[in-house]
Protein chains: 2
Amino acid sequence: MSQRTNDPEGTRRQVVNAAFELFTRKGYEGTPMHAVRDLAGVSSGALAHHFPTKRDLGLAVIRGPVAEAIAGTWIEPVARASSASAGVRSVFEATIADIVRTGTVAGCPLGNLAAELSTRNDALRFELNAIFDRWREAIAAKLQAQQPPDAAGNKDAGALANLIVACFSGAILMAKASQSAVPLQACWTHLQNILEARTQKGDG
Amino acid sequence: MSQRTNDPEGTRRQVVNAAFELFTRKGYEGTPMHAVRDLAGVSSGALAHHFPTKRDLGLAVIRGPVAEAIAGTWIEPVARASSASAGVRSVFEATIADIVRTGTVAGCPLGNLAAELSTRNDALRFELNAIFDRWREAIAAKLQAQQPPDAAGNKDAGALANLIVACFSGAILMAKASQSAVPLQACWTHLQNILEARTQKGDG
DNA sequence: GACATAACAGGTCAATCATCCTGTAATCAA
DNA sequence: TTGATTACAGGATGATTGACCTGTTATGTC
C-alpha cells in the first residue's frame, strides 16, 4: 500500500475543488463520485471519510466554492466600485470577456446548481437561496449608498437589485444555450440605460 | 400476454407527455427511463420501439411539449395582447398566480432543461436555443409593432426582448430557489416601469 | 391468403454508481 | 508506552439504469 498523505484539510480542499469544477461543468447528477475522486487524486476511502454521502459533498461545495464564486465575481467588485452601475458594468464586461476568451459558456455555478437541486433537496436549496439573498442584498446596499437617504428610489433598491440578479442569471442561461456572449451583451446594453438614468435622477 | 393497444400516435404521445412532466419536475438525469415508462403506462418494448435512446426522447420532449409550453404561455399571449407591456404583464401575473395557487415552483421547462443539457449534448442544446430565439423574436416583433417604423427605439427592440426573457428566466430560477413568487413580483415591478416609459415615449 | 413490416409485450443484461467494508498508518491524549 | 481516534488505502457490493433481445400480434400490401 502506498504512503498516505495525512493532510485532512488539504485532502478535503482537493475534493471540494474537484467537485466544484465537475458540478459546474457537468452538473450534480451528471458527476459520479468516482470522477470527483479521480480529479481530486484521492482514494475512495479518503473521499468517503470526509464526505460519507454525495449530498454532504454538495453541501460543502455550495457553502464553499459556490458562495466564494459569487462573492469574488459579484459582491466584492460591486462593493469596491465607484457606483452600483460601474460595479455591475465591470462584472458583465468581465464575464463577456471571459466567454470570448475561452469560447465556451459553462454557466453560473450558482444558477446551474439551483436549477438542478432546488426541487430535489430542501437543505441544498436553502443554502443556494441564501447565496442569492446575499447577492441581491449586496447590490441593493450599493444602490442605496449612492442615493440621498430620503430619495424616492430607495424603497425599490431591493426590487432593482432583484432585477439585476435575474437579468444576469437569465442572460447566462441563454448564453449557455447559445454558447455565445450575445445575450449578455444585449442584456447589459439595456440594463446600462436603466442604471444610468437612475444615477442621474439620484444626483439631481 | 395481455392485449396490446396498437395505437402508435397515442402511445408516443403518452410517453412524451410523461417524460415532459418528469423532466420538468425531476430533471433529465434525475428521471430514469422506467419512471417514464411507468407514468406513461406503456411497456418497455413500446418505449424502446418509439425511442431507442433516452436522447431521442429528450429531443422529442423539447421539440414537442417544451416548445409548446413557451408558445402557449408566452408567444401566443404576447401576440394577442394590446401591447407588449400588457402581454408581458399578463404572463408575469399568470405565473405568479399559479405559484401562489400551487404553493410550489417547479421552474420553467425550457430553463430547467437548458441549464442541465446545454453543456452535455449539442443536438439538444441547439433545439433549446431555437426555442429561446423564437421567444425573443416574438417579443421583439410586438415591441416594434407598437412603435412608428422609424422610431429610435426600434433598433434595440431585440435587446429589450432579450432583457425581458432573461429577467423572466432568472426570476423563475430565483423563485425556484426560494420557493416563492417574490422574485417574480419584484422583477415585474421594475420591468413595468421600463416598458411603460418606453410605450409613452413611442406614443409621443 | 401470403408476406413484410410496424407495434408492441415482457424480460434480460452489462455497465454504472453511491455507499460501505476491511485493513493500516499516522496522530494524540494520558 | 499505550490506547483511542483520525485519516486514510483499496477494493467489494448491492441497487439502479439505459439499452437490448426474443417472441407475438396487428396492419397493410400484393
Side-chain angles (χ1 to χ4, degrees), chain A residues 1-62 64 113 116-117 120-121 123-124, chain B residues 1-62 64 113 116-117 120-121 123-124:
Chain A
M1 192 180 295
S2 67
Q3 203 71 359
R4 82 167 197 236
T5 57
N6 219 76
D7 173 22
E9 290 86 1
T11 298
R12 193 189 153 90
R13 191 174 53 247
Q14 291 275 68
V15 170
V16 170
N17 288 345
F20 172 66
E21 186 179 329
L22 291 169
F23 287 174
T24 299
R25 285 210 333 252
K26 307 268 193 181
Y28 179 84
E29 294 287 338
T31 301
M33 290 295 271
H34 68 81
V36 175
R37 184 199 58 190
D38 293 347
L39 182 61
V42 302
S43 66
S44 300
L47 179 56
H49 174 71
H50 288 282
F51 304 100
T53 70
K54 193 177 184 181
R55 196 172 132 279
D56 293 327
L57 179 55
L59 208 56
V61 167
I62 292 167
L113 289 177
E116 192 177 357
L117 300 175
R120 175 165 290 268
N121 184 284
L124 299 179
Chain B
M1 192 182 294
S2 68
Q3 203 72 359
R4 82 166 197 239
T5 56
N6 219 78
D7 173 23
E9 289 86 1
T11 299
R12 192 189 154 90
R13 190 174 54 247
Q14 291 274 69
V15 170
V16 170
N17 288 345
F20 172 66
E21 186 180 328
L22 291 169
F23 287 173
T24 300
R25 287 211 331 253
K26 307 268 192 179
Y28 179 84
E29 293 289 337
T31 301
M33 290 295 271
H34 69 79
V36 175
R37 183 198 60 190
D38 293 347
L39 183 61
V42 302
S43 66
S44 299
L47 180 56
H49 174 72
H50 288 282
F51 304 100
T53 72
K54 193 178 184 181
R55 199 172 127 278
D56 292 328
L57 179 55
L59 207 57
V61 168
I62 293 167
L113 290 177
E116 191 177 358
L117 300 175
R120 175 166 288 270
N121 184 285
L124 299 179

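- Counting non-hydrogen atoms of neighbouring residues, nucleotides and ligands closer than 6.0 angstrom, the NZ atom of A/Lys26 reaches no more than 12 such neighbours.
- The minimum heavy-atom distance between A/Thr11 and A/Ala46, with the atom names listed, is CG2-CB, 4.2 Å.
- We find that CG of A/Leu22 is positioned 12 Å from P of C/dC17, with the value rounded to whole Å.
- For A/Ser43, the listed nucleotide lying nearest its side chain is D/dC8; candidates were C/dC17, D/dC8, D/dG18.
- Note on A/Glu116 versus A/Arg120: no salt bridge recorded, every NZ/NE/NH1/NH2 to OD/OE distance being 4.0 Å or above.
- Positionally, the nearest nucleotide of DNA chain C for B/Ala48 lies more toward the 5' end than for the other of B/Ala48 and A/Thr53.
- Taking only side-chain atoms of A/Ala46, from C-beta outward, the nucleotide of C/dA9, C/dA7, D/dA9 with the closest atom is D/dA9.
- Considering only the side chain of B/Pro32, D/dT17 comes nearest among C/dA18, D/dT17, C/dC8.
- To the nearest angstrom, P of D/dC20 lies 10 Å from CG of B/Asp56.
- Across the interface with DNA chain D, nearest-nucleotide mapping of A/His49 and A/Ser44 shows A/His49 to be the residue nearer the 5′ end.
- Phosphate proximity of D/dG18 to B/His34: absent, as no side-chain N or O sits under 4.0 Å from OP1 or OP2.
- Residue B/His50 has its side chain nearest to C/dC8 when only D/dC20, C/dC8, D/dG18 are considered.
- Between the P atom of D/dC8 and the CZ atom of A/Arg13 lies a distance of 12 Å, rounded to the nearest Å.
- What separates CZ of A/Arg37 from C1' of C/dT19 is a distance of 13 Å, to the nearest Å.
- Considering only side-chain atoms of B/Lys54, the nucleotide from D/dC8, D/dG18, C/dA9 that sits closest is D/dG18.
- For B/Met33 and D/dA15, the CE to C1' distance is 19 Å, given to the nearest whole Å.
- Between the CG atom of A/Leu47 and the C1' atom of C/dA18 there is a distance of 10 Å, rounded to whole Å.
- We find that CD of A/Glu29 is positioned 14 Å from P of D/dT16, with the value rounded to whole Å.
- Atom pair B/Asp38:CG and D/dT16:C1' shows a separation of 14 Å (rounding to whole Å applied).
- With B/Leu22 as the fixed residue, the side chain to side chain contact (heavy atoms under 4.5 Å, CB included) test singles out one of B/Val61, B/Val36, B/Asp38: B/Val36.
- Residues A/Thr31 and A/Gly45 both approach DNA chain C. Their nearest nucleotides, taken by heavy-atom distance, put A/Thr31 toward the 5′ side.
- Side-chain contact between B/Arg12 and B/Phe51 is present, with heavy atoms from C-beta onward closer than 4.5 Å.
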